[in-house]
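Nothing here was measured: the structure is a model prediction, and the numbers come from that model.
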Amino acid sequence: MDHFPTNWGRPRNDAIDPYGTYPLHPRLNNRTQDAFAEGVQRTQRPIVTGTSVLAIKYKDGIMMAADNLASYGSLARFKDVERLRPVGDYTVIGASGDMSDFQHIQRLLDDIVIGEIAAQDGHELGPAEIHEYLSQVMYGRRSKLDPLWNSLIIGGFKDGKRFLSYVDLLGTTYTASTIATGYGGYIAQPLLRKAVEGYEDVLTEEQARKILEDSMRVLFYRDARSLNKYQLATITTAGVQISDSLHLETSWNFAEGIRGYGAQTQ
């Protein structure tokens, strides 16, 4: 037991000093001597982060979109980060949140995919299996008070069935026709629901692409952590396809007509 009150946080009152902390007595050197002991710490908060990921169902499969920005706090630091990643032949995952934790998740998924290939038992992981695995990983880390600071979207197409689900750092899971993470959950989700829900079986790929492009444009206007450089992923019977970086056509001319915006007061 540590019998030195000054090591408890120095409870002190100049009028009443029941612990005898004044005058201060010499402290014993009772701290650990391991130079690396304080270097092993839990992730307390995300550092390099990605913002929204959008995903919708359409007639032929699943389409997802995410920009290529990873922000260091409020600094737009890394502008070529791929936040949509294929897993096997049927699945794509998209991640918001801490990018180092997302890299750890990718390594976990690579390990199980390699394990399935090595088993040579004829079984292939589909999106439902990937979703179940990630939900257990995220909930397990949350239960250890060491969460992976990510919100994940799992989209896939296997055996003629579309699959779209969500998993977050608490292990919360759900499936829906439209899913948006990050700031997109507030800004883009209403647009996606209006355009997609009830039309999942009739939307063409061109229509789905336009819906996501318009939503990404709105996010670029409204989300300070977004970028006009993004990628699209489609998962259909033909397999997984992730585009190269695309650029949104944007215009800020509308700001000139907003009164009270910036220096304009009249």
Side-chain angles (χ1 to χ4, degrees), residues 46 49-71 81-85 91-99 101-102 105 127-128 130-131 134-135 138 147-157 162-235 242-243 246 248-250 254:
T49 60
T51 185
S52 309
V53 180
L54 310 181
I56 61 175
K57 290 182 179 180
Y58 70 102
K59 180 175 65 173
D60 298 321
I62 302 294
M63 188 173 292
M64 303 170 63
D67 66 31
N68 295 119
L69 179 64
S71 300
V81 176
E82 296 180 357
R83 298 192 292 121
L84 299 177
R85 305 292 295 191
T91 310
V92 171
I93 64 170
S96 296
D98 190 84
M99 290 295 98
D101 283 349
F102 181 44
I105 290 171
I130 298 297
H131 163 78
L134 288 176
S135 67
M138 302 297 274
L148 296 169
W149 294 78
N150 295 105
S151 295
L152 305 172
I153 295 180
I154 301 97
F157 191 95
R162 298 166 296 180
F163 185 90
L164 186 59
S165 68
Y166 169 91
V167 182
D168 67 9
L169 77 166
L170 300 178
T172 304
T173 63
Y174 65 87
T175 61
S177 298
T178 65
I179 300 178
T181 68
Y183 200 58
Y186 304 96
I187 300 298
Q189 184 69 289
L191 304 176
L192 298 178
R193 285 174 176 165
K194 182 177 180 180
V196 175
E197 289 187 354
Y199 305 99
E200 300 93 335
D201 298 326
V202 296
L203 285 175
T204 64
E205 182 172 332
E206 292 74 18
Q207 291 172 325
R209 184 182 300 268
K210 186 177 187 306
I211 291 169
L212 288 180
E213 181 180 339
D214 291 343
S215 299
M216 294 298 291
R217 183 178 295 108
V218 170
L219 286 174
F220 176 63
Y221 287 145
R222 296 296 183 183
D223 185 358
R225 304 291 175 265
S226 63
L227 192 67
N228 61 343
K229 180 182 175 184
Y230 70 105
Q231 288 181 287
L232 282 176
T234 57
I235 311 101
I242 300 178
S243 72
L246 307 172
L248 289 168
E249 294 183 4
T250 58
F254 66 87

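A heavy-atom distance below 4.5 Å is found between the side chains of Ile179 and Tyr174. Contact check for Val92 versus Ile62: no side-chain heavy atoms found under the 4.5 Å cut-off. Between Ser215 and Leu192, some side-chain heavy-atom pair lies under the 4.5 Å cut-off. With a 4.5 Å cut-off on side-chain heavy atoms, Asp101 and Leu169 do not count as touching. Lys210 has its side chain out of reach of Glu206: every pair of non-hydrogen atoms, C-beta onward, lies at least 4.5 Å apart. Between Lys59 and Thr204, the closest side-chain pair of non-hydrogen atoms falls below 4.5 Å. The closest side-chain heavy-atom distance from Leu148 to Met138 is below 4.5 Å. Two residues are said to be in side-chain contact when any heavy atoms from C-beta on lie closer than 4.5 Å; Leu232 and Met216 fail this criterion.
The structure places OG1 of Thr91 at 9.0 Å from CD1 of Ile154, a figure rounded to the nearest 0.5 Å. Atom-to-atom distance recorded for Ile235:CD1 and Met63:CE is 9.0 Å, nearest 0.5 angstrom. To the nearest 0.5 Å, atom OH of residue Tyr186 and atom CG of residue Asp223 are 11.5 Å apart. The structure places CG of Leu54 at 10.5 Å from OH of Tyr230, a figure rounded to the nearest 0.5 Å. The distance from the CG atom of Asp67 to the CG atom of Leu84 is 9.5 Å, given to the nearest 0.5 Å. Note that the CD1 atom of Ile56 and the OG1 atom of Thr178 stand 8.5 Å from one another [nearest 0.5 Å].
Asn150 places a side-chain N or O within donor-acceptor distance of the main-chain N or O of Asp98, the cut-off being under 3.5 Å. Here the side chain of Glu213 pairs no donor or acceptor atom with the backbone of Ile211 at under 3.5 angstrom. Looking at Gln231, its side chain does come within 3.5 Å of a backbone N or O of Ser243 through a donor-acceptor pair. In this structure, Asn68 contributes its side chain and Val81 its backbone to a donor-acceptor pair below 3.5 Å. Without hydrogens or angle criteria, Arg225 side chain to Tyr183 main chain gives no donor-acceptor distance under 3.5 Å. Under the 3.5 Å distance criterion, the side-chain polar atoms of Arg217 are matched with a main-chain donor or acceptor of Glu249. A donor-acceptor pair under 3.5 Å is formed between the side chain of Arg83 and the backbone N or O of Thr51.
Counting heavy atoms of neighbouring residues, nucleotides and ligands inside a 6.0 Å radius, atom OH of Tyr199 does not exceed 12 of them.
Nearest heavy atoms, Ser165 versus His131: OG-ND1, 2.9 Å. Looking at every heavy atom in both residues, Met99 comes nearest to Gly50 through CE-N, 3.9 Å. The two residues Tyr166 and Ser151 come nearest to each other via the heavy atoms OH-OG, 3.5 Å. Considering all non-hydrogen atoms of both residues, Gly182 and Ser52 come closest at C-OG, 4.0 Å. Contact detail for Ala66 and Val53: the closest heavy-atom pair is CB-CG2, 4.0 Å. Residue Ile242 comes nearest to Ala233 through the heavy atom pair CG1-CB, 3.9 Å, listed as atom of the first residue, atom of the second, then distance.
Side-chain N/O atoms of Ser96 and Thr181 include a donor and acceptor closer than 3.5 Å.
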Hey, mind stepping through Leu191 and Asp214 against side-chain contact (heavy atoms from CB on, under 4.5 Å) and telling me if it holds?
CA-CA 9 Å; Leu191 304 176; Asp214 291 343; over 6 Å; no
For Phe157 and Asp60, run side-chain contact (heavy atoms from CB on, under 4.5 Å): C-alpha distance rounded to whole Å, both residues' side-chain angles, the deciding distance at 0.1 Å, then the answer.
CA-CA 9 Å; Phe157 191 95; Asp60 298 321; over 6 Å; no
Could you walk me through whether Thr49 and Trp149 pass the side-chain contact (heavy atoms from CB on, under 4.5 Å) check?
CA-CA 9 Å; Thr49 60; Trp149 294 78; over 6 Å; no
